[in-house]
Amino acid sequence: MTAVLELRDVRKSFGPIEILHGIDFALHAGEVHALIGENGAGKSTVMKILGGYLEPTSGGVLLDGKPAQYHSGAAAEAQGVVVIHQEFNLAPDLTVADNIWLGREMGGLFLDHKAMRAGAQALLDQLDCPVSPDARIRDLAVSDRQMVEIAKALGRKARVLIMDEPSAVLTHREVEVLFRMIDKLRAAGVALLYTSHRLEEISHLADRITVLRDGAVVRQAQRGELTEDGMATAMVGRDLNDIFPPRRADFGPVVLEVEDFAVPPLVQGVSLSLRRGEVLGISGLVGAGRTELAEGLVGLRPHHGQIRRNGVPVSIRNLSDAAHHRIAYLTEDRKERGLLLAKTLRENLTLSTLSRFGGALISRPAEEAALTQAISDFDIRAPSRDMAVGNLSGGNQQKLLLAKTMLPEPEIVIIDEPTRGIDIGTKSQIYHFIDRLAREGLSVIVISSDMPEILGLSDRVLVMRQGRVAGVLDGAAISETAVVRLVMGTTETVADEKAPAHA
Amino acid sequence: AQDKTFVIGVSIPSATHGFMGGLNWHAQQTIERLEATYPQLDFVLATVGEPGKQVDDLEDMLATRNIDGLVVLPFESEPLTGPVKAVKDAGKWVTVVDRGLSQPGIEDLYVAGDNTAFGQVAGEYFKANLQSGAKIVVLRGIPTTLDNERVDAFQKAIDGSGIEIVDMQHGNWNRDDAFTVMQDFLSKHPKIDAVWAADDDMALGVMEAIAQAGREDEMWIVGGAGMKEIIKRIMDGDKQIPVNVTYPPAQISAAIEMTALRFVSDTPVYGRFIIGSTLVTQENAERFYFPDSPF
Amino acid sequence: MPKLSLSTTGPLAALVLLIVLGAFLNDNFLSAGNITNVLARSAFIGMIAVGMTFVITSGGLDLSVGSMAAFIAGMMIMAMNAMLPTLGIGIPLVLAGMAVALLVGLLAGLGNGLLITRAGIEPFIVTLGTMGIFRSLVTWIADGGTLSLDFEARQFYRPVYYGGIFGIAWPIIVFAVVAVAGEIAMRHTRFGRYCEAIGSNDKVARYSAVKVERMQLWTYVALGLLVGLATILYVPRLGSASGSTGLLWELEAIAAVIIGGTALKGGYGRVWGTVVGVLILSLIDNILNLADLVSPYLNGAIQGVIIVLAVVLQRGKSSAEGR
Amino acid sequence: MPKLSLSTTGPLAALVLLIVLGAFLNDNFLSAGNITNVLARSAFIGMIAVGMTFVITSGGLDLSVGSMAAFIAGMMIMAMNAMLPTLGIGIPLVLAGMAVALLVGLLAGLGNGLLITRAGIEPFIVTLGTMGIFRSLVTWIADGGTLSLDFEARQFYRPVYYGGIFGIAWPIIVFAVVAVAGEIAMRHTRFGRYCEAIGSNDKVARYSAVKVERMQLWTYVALGLLVGLATILYVPRLGSASGSTGLLWELEAIAAVIIGGTALKGGYGRVWGTVVGVLILSLIDNILNLADLVSPYLNGAIQGVIIVLAVVLQRGKSSAEGR
Ligand SMILES: Nc1ncnc2c1ncn2[C@@H]1O[C@H](COP(=O)(O)OP(=O)(O)OP(=O)(O)O)[C@@H](O)[C@H]1O
Ligand SMILES: Nc1ncnc2c1ncn2[C@@H]1O[C@H](COP(=O)(O)OP(=O)(O)OP(=O)(O)O)[C@@H](O)[C@H]1O
Ligand SMILES: [Mg+2]
Ligand SMILES: [Mg+2]
């Protein structure tokens with residue numbers, strides 16, 4: 001069986017730094033090939049080279065056994081090699097349908113809006129995605145954007161489909177839809193390349209696995225040859241024992257109480273409390289209003305209702321008020337809301353806490369020291385300290401964002417999707433980090449669409465459905481079945497729910 | 001006296017409308033001619049669009065071009081008074097053209113048109129040729145002191161004649177603006193007996209607007225400054241544009257030439273030369289017709 | 001989408017308010033004559049502003065259009081005067097003049113576009129430069145004065161501005177055609193779609209096989225052609241061009257585009273909004289001339305206030321959120 | 001980072017080239033007198049352009065600065081003339097005049113800023129509106145003519161432009177102080193950092209607890225104050241204000257900012273680049289006066305060519321990639 005698309009001894013350097021050191025690697029028709037590796041291992045770079053978006057510094061890309069004749073992503077697409085990028089690749093001012101057909105519009109002299117809308121609708125329906133083809137991208141939640149991105153790629157009729165962490169921002173219902181699509185495409189003979197930091201997805205999907213470490217292939221395996229633990233070990237280069245920290249036992253007094261809290265138009269009548277040293281998980285479907293609740297709590301959205309901090313009623317009208325009450329928030333949308341992609345690591349790290357660095361003038365040494373600290377605390381792997389954050393690998397961006405959020409040393413942290421796009425090793429680091437924080441007396445709210453994460457990390461779980469609290473689970477009552485039942489709003493058992501997200 | 005060369009700086013506003021265009025043309029023509037005639041003369045010509053920049057130019061002429069004499073048409077009187085005085089204080093010869101400085105006695109030579117007469121001559125023509133109760137409209141230039149002087153003199157001249165100025169707007173000495181304003185005047189006023197356009201560029205715009213409305217027979221127009229096309233029409237006895245009032249752009253030539261004489265000969269050229277504004281009629285029009293000028 | 005509809009009706013509402021105000025201030029405001037005047041005069045800036053909508057939508061800017069109009073008018077007049085002895089007065093002469101205008105417009109737009117897309121210089125700087133260049137050249141060619149079309153030729157050419165069919169003046173007809181074509185191009189062709197995509201995020205557009213530089217180049221070329229077309233209708237009006245022709249048209253055209261709801265940062269263009277914006281600007285002038293104000297010195301102030309108000313009306317509260 | 005260093009040295013290289021050219025054309029070019037002249041007259045636009053750098057860096061724009069300068073000059077002159085009988089000629093009068101200038105500047109900037117940040121209208125439209133308003137008001141107050149400072153008062157005030165210490169003229173000293181303060185504010189204070197953050201992505205800034213609207217408001221207020229400061233130095237030079245004071249300063253200031261390497265779309269500001277940009281623009285004018293050109297009509301063209309060339313030099317090939 002000849003390879004459809006192949007890399008032969010590919011090297012890639014950015015400036016003086018070599019990122020990929022001689023990669024050999026092939027994709028076959030009707031097969032899902034998984035590429036896994038730590039953050040910054042070079043997965044996205046490999047995918048961009050395959051897709052024509054980057055030229056290798058040396059080595060060759062072979063399509064159907066012959067040197068590939070494309071030098072841009074567009075040219076590659078014309079030959080059936082399609083990439084779903086890790087960063088969103090959608091024009092925010094255009095509608096969903098416009099984006100799906102961008103560059104290959106239907107119609108002759110005039111655009112055939114009807115056909116394109118219908119086509120977009122059909123693609124979205126295939127993906128079970130409820131967004132309207134006429135919605136503007138800038139108004140969509142990140143998960144919906146990802147689904148549009150997938151729809152866009154599906155619309156391109158790929159022979160080779162390369163997916164760079166498509167599931168990172170999806171909830172497991174959407175991931176299931178995605179997997180059904182992948183199965184269909186595999187059956188239809190498409191060659192697929194998939195990457196994800198959720199190893200259970202890999203063992204479920206992959207026919208073949210390539211493990212990348214520091215820009216080199218360290219292991220290639222067939223389906224079933226590698227357990228998830230094996231994958232993790234191969235990626236990280238050492239044994240990973242417990243991913244999740246043990247549960248905490250003693251909690252302090254209640255530090256935050258929220259009563260009858262509403263963030264119009266969606267979130268209504270939310271009450272919750274948070275104790276010192278506790279990790280509260282918030283689960284729910286996309287659009288359940290978790291992000292809105294969090295943004296309301298830290299004053300980013302207009303809201304009403306009672307907030308009591310250490311028993312004292314407080315008013316939080318903006319982020320500065322929240323900071324004053326030692327509450328910090330980490331956004332789920334790191335590209336649009338979290339990081340200035342064109343600025344350096346240092347500038348991003350200190351942006352929200354600048355007043356702590358020097359008096360009238362910013363102290364550069366203090367900033368640099370903070371960056372050094374953050375790089376070691378959060379294991380941020382940047383080829384250079386002065387690079388633009390946009391050139392960091394996705395996972396390292398997330399780590400930087402986490403470092404930025406923790407910089408003001410808050411007492412309460414609300415983390416929206418903490419480990420989106422983070423590799424298993426680092427993930428575990430972050431979990432232990434959160435645990436350490438909680439043990440040191442912080443209180444953490446973790447909003448996550450990653451079921452194992454919610455289950456493994458939370459002392460209590462609050463489930464939201466359609467803007468309201470569907471229920472709170474405590475201690476031993478926390479189980480996947482219970483959470484899923486609340487999430488779905490069903491009373492019958494959903495024990496047979498084959499969540500791919502099973503730790 | 002061939003051993004020393006003299007440098008004469010000429011600073012004038014740039015050619016942003018017809019009259020200034022003519023003035024620029026005359027200045028360049030004169031300079032070319034004089035440089036050919038008198039090899040010992042060197043001219044530095046600078047044109048500007050803003051009073052502040054004109055001050056810059058004067059400074060540059062003093063600091064880097066070592067001028068011996070200056071011919072300046074101040075963009076505005078007030079702001080240029082100090083800087084021109086500085087040139088004078090540096091011991092240079094100063095000729096002021098058209099717009100007087102706000103402080104007397106700085107310049108050696110003053111050559112100018114007469115803005116008051118410009119408005120007055122026009123006003124007198126209106127007074128003499130319109131009945132009491134006649135309705136006229138006025139197009140003004142760019143808001144400046146000299147525009148104020150002209151309009152004030154015009155109003156004073158028609159005072160007591162019973163002529164009514166039914167509308168007055170700025171046409172900015174610009175054909176397009178004048179066209180637009182006149183179109184709207186024509187929509188607004190069912191009866192207009194005459195138009196004082198105060199400038200020939202504006203007069204041309206006004207005529208087009210009137211032609212478009214088909215009201216050529218209803219009113220006549222008086223422009224100003226003696227543009228060649230207009231003078232030609234007066235020579236031809238065009239009823240729509242019976243007369244014109246001079247305000248010659250060639251005054252700059254007189255000023256430059258007299259200044260040059262100061263350096264190449266011992267002719268005493270101190271003093272004030274006011275070039276009056278005269279009424280151009282069909283009878284005397286030929287004297288004011290220069291077909292080669294761009295204006 | 002209540003947000004969309006507010007910003008959609010906004011400029012229209014401002015326009016309607018102005019019309020009501022005008023009708024209230026002066027009886028002749030709604031006369032056929034006045035309406036024709038206002039529309040015909042709007043046509044020049046209007047056509048240019050339609051082209052400018054595409055430039056701005058794709059993330060560009062063109063400050064040179066006013067000077068370009070003066071330059072094209074100058075070249076056209078010179079060419080027609082020069083061809084007069086050969087061609088004689090008649091339709092061939094006028095057509096030749098028009099061809100020159102369109103050609104010069106195309107070349108001027110191409111020049112701007114190439115400097116911006118090939119040399120990669122900021123549009124603001126390139127067109128600020130060419131703005132000075134075009135205007136200087138006209139003044140220089142005209143020797144500081146005015147370039148006038150031969151009188152007889154002009155008489156022949158005159159109906160192109162003043163004439164029309166079915167009682168509608170040519171400039172109005174041409175403007176209407178340009179506006180409709182522009183609206184269609186923006187909404188219903190790839191070109192418009194690509195302009196929006198490029199202005200929204202040029203990297204995404206490039207990844208989606210859109211030829212970014214080529215499209216941007218086209219917007220400047222199209223704008224140049226439209227300036228040429230505007231000039232074709234402008235020259236027969238007064239038959240002349242000088243250094244002050246088209247002064248500040250660039251500012252007026254850009255203002256019209258933005259009043260119409262197109263975002264200055266690009267990504268979202270609305271041609272019909274631009275048309276409304278142009279009409280608003282023309283009407284303000286017209287109303288100021290028709291009404292009797294305290295002092296004509298204050299015209300500029302009132303203009304300024306109305307422009308800001310028109311946009312306040314349009315954006316309403318919605319923008320407190322910010323884009 | 002070879003890319004950064006190219007764009008860093010670019011404007012400087014253009015400046016050096018111009019200086020060499022000037023020295024070559026005229027022996028007096030490098031004389032103390034000429035250098036003082038050029039630097040002192042750059043001071044007005046210079047200070048304004050420094051303020052504009054912050055406005056543009058944070059994603060804004062201000063077209064009204066030229067008219068604002070005229071307006072402030074008018075108010076300052078009126079106030080000084082009015083206070084003359086009470087205060088007499090002396091330092092108190094001058095100080096009172098300066099206070100008025102700064103106050104009016106502050107209020108004007110505040111007005112622009114509030115309309116932009118509170119009412120949420122595009123900066124282009126707001127400042128286009130206020131540009132018309134300020135200029136009209138000056139013309140109106142001056143009754144179409146010129147507002148002049150009392151002659152005696154002016155004589156007293158004159159040294160503020162023409163005087164200096166250690167042989168350096170006041171405007172140069174003040175400009176230098178403003179430039180250095182601006183550079184420090186941009187690079188080393190929170191304000192500058194926030195401006196860049198807001199211009200890069202205002203949403204991220206907002207999510208990072210930056211008070212976006214307040215910072216933007218501050219940029220306009222600071223610009224207003226700097227326009228006031230520039231006026232304080234400008235009035236003793238000309239002693240008067242009229243409708244043509246400060247004409248097109250806005251374009252010059254914006255051009256200087258962009259020539260200096262600040263991005264028009266915001267997010268990246270370089271104050272010292274702006275200073276270099278201002279000097280480049282001033283030198284072009286100065287050099288045009290030094291040399292005898294073919295025709296003064298072509299000044300604008302040469303200016304345009306040099307501006308474009310200066311930026312080509314700066315951007316070099318690097319920008320083909322695009323930001
Ligand atoms: N344009 C660029 N300039 C400089 N360095 C770059 C650039 N693009 C990527 N890199 C670096 O190359 C390395 C590999 O990045 P890549 O995005 O391929 O990692 P990844 O394996 O996809 O990681 P993640 O799991 O975090 O997405 C990283 O160190 C990244 O910082
Ligand atoms: N019923 C609704 N009415 C109005 N807006 C809604 C509704 N449902 C969802 N949305 C919108 O959908 C988006 C998703 O909401 P939100 O981000 O709060 O959900 P979430 O539970 O945090 O999901 P995610 O997994 O995407 O983070 C929001 O922008 C919200 O405004
Ligand atoms: Mg990646
Ligand atoms: Mg969310």
Side-chain angles (χ1 to χ4, degrees), chain C residues 59 61 63 67 115 118-126 128-137 139-144 202-203 206 212 243 251 254-255 258-259 263-265 294-295 297-312 314-315 317-323, chain D residues 59 61 63 67 115 118-126 128-137 139-144 202-203 206 212-213 243 251 254-255 258-259 263-265 294-295 297-312 315-322:
Chain C
L61 193 71
L63 296 173
S67 321
L115 276 170
R118 291 277 177 276
I121 314 173
E122 295 243 13
F124 185 94
I125 293 290
V126 167
L128 183 73
T130 52
M131 165 170 129
I133 295 172
F134 291 137
R135 197 163 290 291
S136 269
L137 285 179
T139 314
W140 183 61
I141 294 166
D143 234 343
D202 60 341
K203 199 172 152 203
R206 190 167 284 126
V212 174
L251 221 56
I254 298 172
I258 293 170
I259 292 174
L264 187 59
K265 305 218 179 260
V294 204
S295 159
Y297 296 139
L298 288 177
N299 280 1
I302 293 166
Q303 241 165 350
V305 170
I306 298 184
I307 290 174
V308 173
L309 282 184
V311 178
V312 171
Q314 165 186 351
R315 306 285 143 105
K317 293 253 164 78
S318 72
S319 51
E321 282 253 330
R323 291 196 123 226
Chain D
L61 193 71
L63 296 173
S67 320
L115 277 169
R118 292 276 175 279
I121 315 172
E122 295 244 13
F124 184 93
I125 292 289
V126 167
L128 183 73
T130 52
M131 165 168 128
I133 294 173
F134 291 137
R135 199 164 288 291
S136 265
L137 285 178
T139 314
W140 182 61
I141 294 169
D143 232 341
D202 60 340
K203 242 188 202 158
R206 189 166 285 125
V212 173
E213 278 78 25
L251 222 56
I254 298 172
I258 294 169
I259 291 173
L264 187 58
K265 305 221 178 260
V294 204
S295 159
Y297 298 139
L298 289 177
N299 279 359
I302 293 166
Q303 244 163 348
V305 170
I306 297 184
I307 290 174
V308 173
L309 282 184
V311 178
V312 170
R315 306 286 143 104
K317 292 252 164 79
S318 72
S319 53
E321 283 252 328

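Since this is a predicted model, take the numbers as computed values, not measurements. The analysis underlying the following values was restricted to heavy atoms, covering all of them including side chains, and did not include hydrogens, waters or symmetry mates. Naming convention: chains lettered A, B, ... in sequence-line order (proteins, then strands); numbering from 1 in each chain.
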Between atom CH2 of D:Trp140 and atom CG of C:Asn299, what is the distance when rounded to the nearest 0.5 Å? 13.0 Å

Who wins among D:Gly129, D:Ser67, D:Ala255, D:Gly300 for the most heavy-atom pairs under 4.5 Å with chain C? D:Gly300

State, with a plain yes or no, whether a side-chain heavy atom of D:Lys265 is found less than 4.5 Å away from one of C:Leu264. no

Contact winner vs chain D - C:Thr139, C:Leu61, C:Ile141, C:Ile302, heavy-atom pairs under 4.5 Å: C:Thr139

C:Val308 and D:Leu128, any side-chain heavy atoms less than 4.5 Å apart: no

Which atom of D:Ser136 lies closest to which atom of C:Ala301, heavy atoms considered: OG-N, 2.7 Å

Pair D:Leu251-C:Met131, side chain to side chain contact (heavy atoms under 4.5 Å, CB included): steps then yes or no: CA-CA 12 Å; D:Leu251 222 56; C:Met131 165 170 129; 3.4 Å; yes

Heavy-atom pair count under 4.5 Å with chain D, highest-scoring of C:Ile254, C:Thr130, C:Leu137, C:Leu115: C:Ile254

Would you mind reporting whether C:Asp143 and D:Tyr297 have side-chain heavy atoms less than 4.5 Å apart? yes

With rounding to the nearest 0.5 angstrom, report the CD1 to CD1 distance, D:Ile125 to C:Ile307. 6.5 Å

